[in-house]
Asks: 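Would you mind keeping the following structure in view while I ask a few things?
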Amino acid sequence: MPKYKAPRGTYDVVPENAHHWRFVEDTFAELATSYGYGEIRTPVFEETDLFVRSSGDTSEVVTKQMYTFEDKGGRSMTLKPEATAPAIRACLEHSLIGQQSQVARVWYKTPIFRYERPQKGRCRQAHQVGMELVGSTAPAADAEVIEMTVRFYQALGIKDLKVLLNSIGRDATRAAYRDAIMSHVQGWLKDQDDEFRVKAEKNPLRLLDTKDPDLLAVLSDAPIITDYLEDASKSHIDEVLRLLGAAGIEFEYEPRIVRGLDYYTDTVFEVQGMNLGAQSALCGGGRYDGLVEALGGPATPAVGAAMGIERALIALEEEGALPEAAGIDMFIVAAGDGASEQAAALARELRDAGLSCSLDIDGRSRKAQMKLASRSGATWTAIICDEEVSANEVTLLNVETGEQNRVARAEVLARLKS
RNA sequence: GCGGUUGUAGCUCAGUUGGUUAGAGCGCCUGGUUGUGGUCCAGGAGGUCGCGGGUUCAAAUCCCGUCUUCCGCCCCA
């Protein structure tokens with residue numbers, strides 16, 4: 001009916017739902033703060049090259065999904081399709097990292113933009129929270145980030161999930177494994193259409209997370225990347241697994257997990273929800289020891305993760321774990337001569353004292369106002385009608401208990417606080 | 001980007017083989033009854049049937065296009 005609608009793949013968050021978002025965002029902010037992470041905010045757009053460099057110029061995101069435009073100065077800009085590269089860029093720019101042995105821990109909350117075919121849990125403007133731990137090669141860094149993601153979902157109340165973990169090693173491992181996997185699928189690949197051929201050519205590892213049953217069958221006895229790991233990678237992931245075990249984190253080692261962005265090295269992981277349909281990934285992350293250098297900084301190790309807010313909300317809804325909206329403290333019902341002035345004065349007094357309250361401003365009937373009070377979810381209803389005005393009193397109704405008292409106007413605040 | 005699906009009041013949906021002023025429930029507003037939400041009673045507002053074109057004497061209903069939704073693929077958070 002309205003002429004204008006939110007663009008395809010976008011949506012509005014209205015007051016009815018906004019507290020769900022606040023819940024997820026606040027939960028993450030508190031968690032990250034408790035781990036000593038500081039918040040970082042970066043622009044919604046960056047130079048296009050930043051993302052091409054970081055995500056890889058053959059990645060799906062870069063080749064097909066970016067919102068790229070030329071600004072009036074002729075520069076190519078892109079709405080951020082992911083949050084890690086901008087965060088690292090900002091850390092470098094402000095010298096939060098780059099000094100020797102310097103470790104930075106940052107968290108963020110941001111929209112991301114990808115031109116995709118919308119589906120449930122997949123929007124063109126999506127939102128993520130996430131963190132980056134930059135400057136450490138220690139397996140404890142990987143473990144810390146993974147532990148944080150798990151505790152995040154625990155804190156939200158999402159129970160139905162699993163943590164999938166893998167190591168994809170470094171360049172040498174991937175080169176060797178790429179050859180191994182290609183020769184394994186070669187026979188099958190010959191009879192396939194271009195879709196698989198192109199994919200295999202660009203990045204054979206991506207064949208691993210296919211849903212195609214034929215390919216899955218072919219892959220069932222394929223070599224696994226774990227057998228190609230170099231000693232350093234092997235001992236690194238072993239230690240990560242040991243630390244997670246010691247922290248009581250449940251996970252599955254899954255050699256078929258790979259990531260879509262090219263910058264990952266060694267540890268990669270994913271948290272999957274159970275009820276999300278095709279968009280099962282709640283969270284993705286891993287180690288990216290080459291990214292800082294690729295963005296022009298000194299060689300600096302790093303590990304991080306990003307969690308989709310929309311998907312967390314879907315998971316919460318599926319599990320019936322969305323929080324109730326908090327009501328205001330008081331609704332003031334006023335009817336009769338001088339009542340509305342009294343009500344306005346009382347409202348000011350309450351607000352000065354840090355309490356929230358609302359009232360009717362359109363002169364509705366007492367019944368209508370009582371209805372508004374009920375719907376507002378207020379803990380208290382104050383009634384100021386003729387009798388109360390002349391006696392300089394207020395009737396206080398505790399909505400939960402049904403208890404009701406007339407108290408002197410001056411005592412209202414004290415009564416609420418007791 | 002590919003295949004499919006959806007679209008009628010704020011919400012959930014009816015609307016028969018094309019046929020007069022497009023309906024219901026819930027919600028919303030007003031009044032009445034209980035000093036005061038709830039209940040009950042009476043009344044009311046709100047839709048160019050996603051949008052555009054076509055066929056027809058006549059289109060929510062048939063055809064074409066387009067947008068949107070959701071599902072699968074793809075991709076990923």
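First the proteins, then the strands, lettered A, B, ... as listed; each starts at 1.
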Asks: For the C1' atoms, the ones on B/U68 and on B/U6, what distance do you get once it is rounded to whole angstrom?
Replies: 9 Å
Asks: Starting at CG of A/Asp209 and ending at C1' of B/C75, how long is that distance when rounded to a whole Å?
Replies: 9 Å
Asks: With P as the reference atom in both, quote the distance from B/G7 to B/A77 in angstrom, rounded to an integer.
Replies: 33 Å
Asks: OP1, OP2 of B/C28 versus side-chain N and O of A/Arg375: anything below 4.0 Å?
Replies: yes
Asks: Rounded to the nearest angstrom, tell me the gap between atom CG in A/Leu216 and atom P in B/C73.
Replies: 12 Å
Asks: Over how many whole Å does the gap from A/Ile257 atom CD1 to B/A77 atom C1' extend?
Replies: 13 Å
Asks: Determine the contact category for A/Ala126: base if any of its heavy atoms lies under 4.0 Å from a base atom, sugar-phosphate if only primed atoms, P, OP1 or OP2 are that close, otherwise nothing.
Replies: base
Asks: Base of B/G3, side chain of A/Arg117 - is there a donor-acceptor contact under 3.5 Å?
Replies: yes
Asks: Under 4.0 Å, heavy atoms only, any strand: does A/Glu387 hit a base, just the sugar-phosphate, or nothing?
Replies: base
Asks: Side chain of A/Arg311 only, heavy atoms from C-beta on: which candidate in B/U34, B/C70, B/C76 is closest?
Replies: B/C76
Asks: For nucleotides B/C13 and B/G47, find the distance between their C1' atoms and express it as a whole number of Å.
Replies: 14 Å
Asks: Nearest to the side chain of A/Arg114, heavy atoms from C-beta on, is which of B/G4, B/A77, B/U33?
Replies: B/A77
Asks: Could you tell me whether A/Arg415 atom CZ has more than 12 heavy atoms of other residues or ligands within 6.0 Å of it?
Replies: no
Asks: Please give the distance between the P atoms of B/G25 and B/G31 as a whole number of Å.
Replies: 23 Å
Asks: Which is it for A/Leu31 and A/Arg151 under the side-chain contact (heavy atoms from CB on, under 4.5 Å) test, yes or no, and what are the steps along the way?
Replies: CA-CA 8 Å; A/Leu31 178 88; A/Arg151 291 193 44 174; 4.0 Å; yes
Asks: Looking only at side-chain N and O atoms, does A/Arg8 come under 4.0 Å of OP1 or OP2 in B/U68?
Replies: yes
Asks: How far, in whole Å, is B/G3 from B/C11 if one measures between their C1' atoms?
Replies: 31 Å
Asks: On RNA chain B, nearest-nucleotide positions of A/Ile383 versus A/Gly121: which is more 5'?
Replies: A/Ile383
Asks: Which nucleotide sits closest to the side chain of A/Gln128: B/C40, B/C75, B/A77?
Replies: B/A77
Asks: Whole angstrom is fine here: how far is it from CG in A/Asp212 over to P in B/C74?
Replies: 7 Å
Asks: Within the 4.0 Å heavy-atom criterion, would you say A/Gly9 contacts the bases, only the backbone, or no part of the nucleic acid?
Replies: sugar-phosphate
Asks: Less than 3.5 Å between a donor and an acceptor, one on the side chain of A/Lys367 and one on the base of B/U30, is that the case here?
Replies: no
Asks: Which nucleotide sits closest to the side chain of A/Lys120: B/C40, B/C70, B/C29?
Replies: B/C70
Asks: Could you check how far CZ of A/Arg366 sits from P of B/G31, rounded to whole Å?
Replies: 13 Å
Asks: From CZ of A/Phe113 over to C1' of B/C75, roughly how many Å is that when rounded to an integer?
Replies: 18 Å
Asks: Look at the rings of A/Tyr11 and A/Trp21 and say which category their plane angle falls in: under 30° parallel, 30 to 60° tilted, over 60° perpendicular.
Replies: tilted
Asks: Would you say the side chain of A/Arg122 and the base of B/C74 hold a donor-acceptor pair, judged only by whether the two atoms sit under 3.5 Å apart?
Replies: yes
Asks: Taking for each residue the nucleotide of RNA chain B bearing the nearest heavy atom, is the 5' side occupied by A/His127 or by A/Leu397?
Replies: A/Leu397
Asks: Between B/A9 and B/A60, how far is it from one P atom to the other, in whole Å?
Replies: 14 Å
Asks: Expressed as a whole number of angstroms, how long is the span from A/Tyr11:OH to B/U69:P?
Replies: 12 Å
Asks: At 4.0 Å (heavy atoms only), tell me whether A/Thr381 reaches a base, stays on the sugar-phosphate, or touches nothing.
Replies: nothing
Asks: Does A/Ser374 make a side-chain N or O approach to OP1 or OP2 of B/G38 shorter than 4.0 Å?
Replies: no
Asks: Looking at B/G72, I'd like to know if its phosphate oxygens (OP1 or OP2) sit under 4.0 Å from a side-chain N or O belonging to A/Gln119.
Replies: yes
Asks: With no hydrogens and no angle check, do the side chains of A/Asp329 and A/Thr379 hold a donor and an acceptor under 3.5 Å apart?
Replies: no
Asks: Taking B/C75 as the reference, what is the distance to B/U56 when you measure between their C1' atoms (whole Å, please)?
Replies: 47 Å
Asks: For B/A24, which nucleotide is its Watson-Crick or G-U wobble mate, given both distances must be under 3.5 Å?
Replies: B/U12
Asks: Answer yes or no: does atom CD of A/Glu317 have more than 12 heavy-atom neighbours from other residues, nucleotides or ligands under 6.0 Å?
Replies: no
Asks: Would you tell me if any nitrogen or oxygen in the side chain of A/Lys211 comes within less than 4.0 Å of OP1 or OP2 on B/C73?
Replies: yes
Asks: Taking the P atom in each of B/G23 and B/C29, what is the distance between them to the nearest angstrom?
Replies: 24 Å
Asks: Let's test your reading of the model: under 3.5 Å, does the base of B/A77 pair with the side chain of A/Glu116 as donor and acceptor?
Replies: yes
Asks: Using purine N1 to pyrimidine N3 plus N6-O4 or O6-N4 for Watson-Crick, or N1-O2 and O6-N3 for G-U wobble, both under 3.5 Å, which nucleotide pairs with B/G43?
Replies: B/C29
Asks: Classify the nucleic acid contact of A/Lys64 as base, sugar-phosphate or nothing, counting any heavy atom under 4.0 Å across all strands shown.
Replies: nothing
Asks: Between A/Arg256 and A/Asp209, does at least one N-O distance fall below 4.0 Å, as a salt bridge requires?
Replies: no
Asks: State plainly whether the residues A/Glu47 and A/Arg89 are in salt-bridge range, i.e. N to O under 4.0 Å.
Replies: no
Asks: Grab the CZ-C1' distance between A/Arg124 and B/U69 for me, whole Å please.
Replies: 13 Å
Asks: Going by atom types alone, do A/Glu388 and A/Thr395 pair a side-chain donor with an acceptor below 3.5 Å?
Replies: yes
Asks: Go through B/G37, B/C76, B/C75 for me and flag the one nearest to the A/Val399 side chain.
Replies: B/G37
